[in-house]
Chemist: 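Pasting a structure here, questions to come.
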Amino acid sequence: MNVKAALSPEDVARACAQAMWAEDDASKGLGMEIVEIGPGYATLAMTVRPDMVNGQRIAHGGFIFTLADSAFAFACNSHNERVVAAQGQITFIKPGKLGDRLVAKAGEVTRGGRSGIYDVRVTVGDTVIAEFRGHSRVIPGTWLPAQDQ
């Protein structure tokens, strides 16, 4: 039986996320959780802790960026290619606050050759607090062994 044919794109995305998550000490260390994964998309969440607020007593932008960047990473690594960020930019719209559950939803805009573009919306409930756009670059390697693909 051809194992490659047995894995759906959703199965591949989930398996890649599991492999990546196992090595992602940064995202785990910040208390992030994977909410949803699929081919070309990912949703991650994180609660703003006391050590994540700045002198204004709002969520430090670096932590919001990091959550968006992690969602971007899981989305662009969902096709069993090793992918890194080439560029990322964020626009902060509203502040996050201590105790807020931030949700970052990343989606593929375009992907071709070794490049991709992904948009990430960070929300608290129904309120958009940031918009992120990331450009990805494929590097050598895969997440899954050849027999699992």
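Numbers for residues simply follow the sequence, beginning at 1.
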Chemist: Over 60° means perpendicular and under 30° means parallel, so classify the ring planes of F72 and F132, tilted if in between.
Modeler: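 Rings of F132 and F72: tilted, 30 to 60°.
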Chemist: Can a donor-acceptor pair be found between the side chains of T66 and D69 at a distance below 3.5 Å?
Modeler: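 No, no side-chain donor-acceptor contact under 3.5 Å.
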Chemist: Considering non-hydrogen atoms only, spot the tightest contact between P39 and H79 and give its length.
Modeler: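 Smallest interatomic distance, heavy atoms only, reads C-CE1, 3.9 Å.
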Chemist: With a cut-off of 6.0 Å (strictly less than), are more than 12 heavy atoms of other residues, nucleotides or ligands near CZ of R82?
Modeler: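 Yes - once you tally the heavy atoms of other residues, nucleotides and ligands closer than 6.0 Å, there are more than 12.
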Chemist: Between F74 and T43, is the side-chain contact (heavy atoms from CB on, under 4.5 Å) condition met? List the steps.
Modeler: CA-CA 8 Å; F74 279 92; T43 302; over 6 Å; no
Chemist: Do you know the tightest heavy-atom contact between I139 and V83?
Modeler: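 So the two residues come closest at CG1-N, 4.4 Å.
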Chemist: Taking T123 for the side chain and D126 for the main chain, is one N or O donor matched with an acceptor at less than 3.5 Å?
Modeler: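 Flag not set: sc T123 to bb D126 has no pair under 3.5 Å.
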Chemist: Can a donor-acceptor pair be found between the side chains of Q89 and H135 at a distance below 3.5 Å?
Modeler: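 The answer is no; no qualifying pair exists.
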Chemist: Would you call T142 and E81 a side-chain contact if the rule is heavy atoms closer than 4.5 Å?
Modeler: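 Heavy-atom side-chain distance check fails, nothing below 4.5 Å.
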Chemist: Same cluster or not: F63 versus L98, using hydrophobic residues (I, L, V, M, F, W, Y) connected whenever any side-chain heavy atoms lie under 4.5 Å apart?
Modeler: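 They do share one cluster, since a chain of ILVMFWY contacts under 4.5 Å joins F63 to L98.
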Chemist: When you compare the side chain of L102 with that of T47, does any pair of heavy atoms fall below 4.5 Å?
Modeler: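 No - every pair of side-chain heavy atoms lies 4.5 Å or more apart.
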Chemist: Donor-acceptor pair, distance only, cut-off 3.5 Å: does the side chain of R114 make one with the backbone of R137?
Modeler: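 Judged by distance alone, no pair lies under 3.5 Å.
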Chemist: Is there side-chain contact between M52 and H60, with heavy atoms separated by less than 4.5 Å?
Modeler: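 Of all side-chain heavy-atom pairs linking H60 with M52, none is under 4.5 Å.
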Chemist: Determine, using the 4.5 Å side-chain heavy-atom cutoff (strictly less than), whether V103 and I64 are members of one ILVMFWY cluster.
Modeler: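 In one cluster: no.
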Chemist: Taking the side chain as every heavy atom from C-beta outward, state whether S78 and C16 have any pair of such atoms under 4.5 Å apart.
Modeler: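 Contact flag for S78/C16 side chains = no.
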Chemist: With side chains defined as the heavy atoms from C-beta onward, is the minimum distance between K28 and E33 less than 4.5 Å?
Modeler: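 No, every pair of side-chain atoms sits at 4.5 Å or beyond.
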Chemist: Decide, yes or no, whether a salt bridge links D100 with K97 under the criterion of side-chain N to carboxylate O below 4.0 Å.
Modeler: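 Salt bridge flag = no for K97 with D100.
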Chemist: With hydrophobic residues grouped by side-chain heavy-atom distances under 4.5 Å, do I34 and Y118 end up in a single group?
Modeler: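 Looking at the clustering, Y118 is in the same group as I34.
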Chemist: For the residue pair A6 and D11, what are the closest heavy atoms and their distance?
Modeler: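 Smallest heavy-atom distance, with atoms named: O-OD2, 4.2 Å.
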Chemist: Compare every heavy atom of A59 with every heavy atom of N54, then report the nearest pair and how far apart it is.
Modeler: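 Looks like ND2-O, 4.2 Å.
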Chemist: On a heavy-atom basis, which atom in W143 and which in A19 lie closest, and how many Å separate them?
Modeler: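 Closest heavy-atom pair between W143 and A19: CE3-CB, 4.0 Å.
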Chemist: Passes side-chain contact (heavy atoms from CB on, under 4.5 Å), V124 versus K94? Steps please.
Modeler: CA-CA 10 Å; V124 174; K94 292 187 181 251; over 6 Å; no
Chemist: Is the closest side-chain heavy-atom distance between P9 and V12 below 4.5 Å?
Modeler: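 Of all side-chain heavy-atom pairs linking V12 with P9, none is under 4.5 Å.
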Chemist: Would you say CD of Q87 has more than 12 non-hydrogen atoms from neighbouring residues, nucleotides or ligands within 6.0 angstrom?
Modeler: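 More than 12 within 6.0 Å, yes.
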Chemist: What distance separates S70 OG from L30 CG, expressed to the nearest 0.5 Å?
Modeler: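 The CG atom of L30 is 7.5 Å from OG of S70, to the nearest 0.5 Å.
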Chemist: Is there a side-chain contact between L44 and L67 in this structure, where contact means two heavy atoms from C-beta onward sitting under 4.5 Å apart?
Modeler: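 Yes; the side chains approach each other to less than 4.5 Å.
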Chemist: Could you check whether any side-chain heavy atom of R133 comes within less than 4.5 Å of a side-chain heavy atom of V109, counting everything from C-beta outward?
Modeler: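 They are in side-chain contact.
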Chemist: About how many Å separate CD1 of I90 and CD of E131, when rounded to the nearest 0.5 Å?
Modeler: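 Interatomic distance, E131 CD to I90 CD1, rounded to 0.5 Å: 9.0 Å.
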Chemist: If hydrophobic clusters are built by linking Ile, Leu, Val, Met, Phe, Trp and Tyr wherever their side-chain heavy atoms come under 4.5 Å apart, do I117 and V138 end up in the same one?
Modeler: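 In one cluster: no.
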Chemist: To check you understand the geometry: which heavy-atom pair defines the closest contact between A68 and V122, and what is its length?
Modeler: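 So the two residues come closest at CB-CG2, 3.9 Å.
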Chemist: Rounded to the nearest 0.5 Å, how far does CD1 of I37 lie from CH2 of W21?
Modeler: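 Reported to 0.5 Å precision, the distance equals 9.5 Å.
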Chemist: Step by step, would you call V48 with V53 a side-chain contact (heavy atoms from CB on, under 4.5 Å)?
Modeler: CA-CA 7 Å; V48 179; V53 297; 3.9 Å; yes
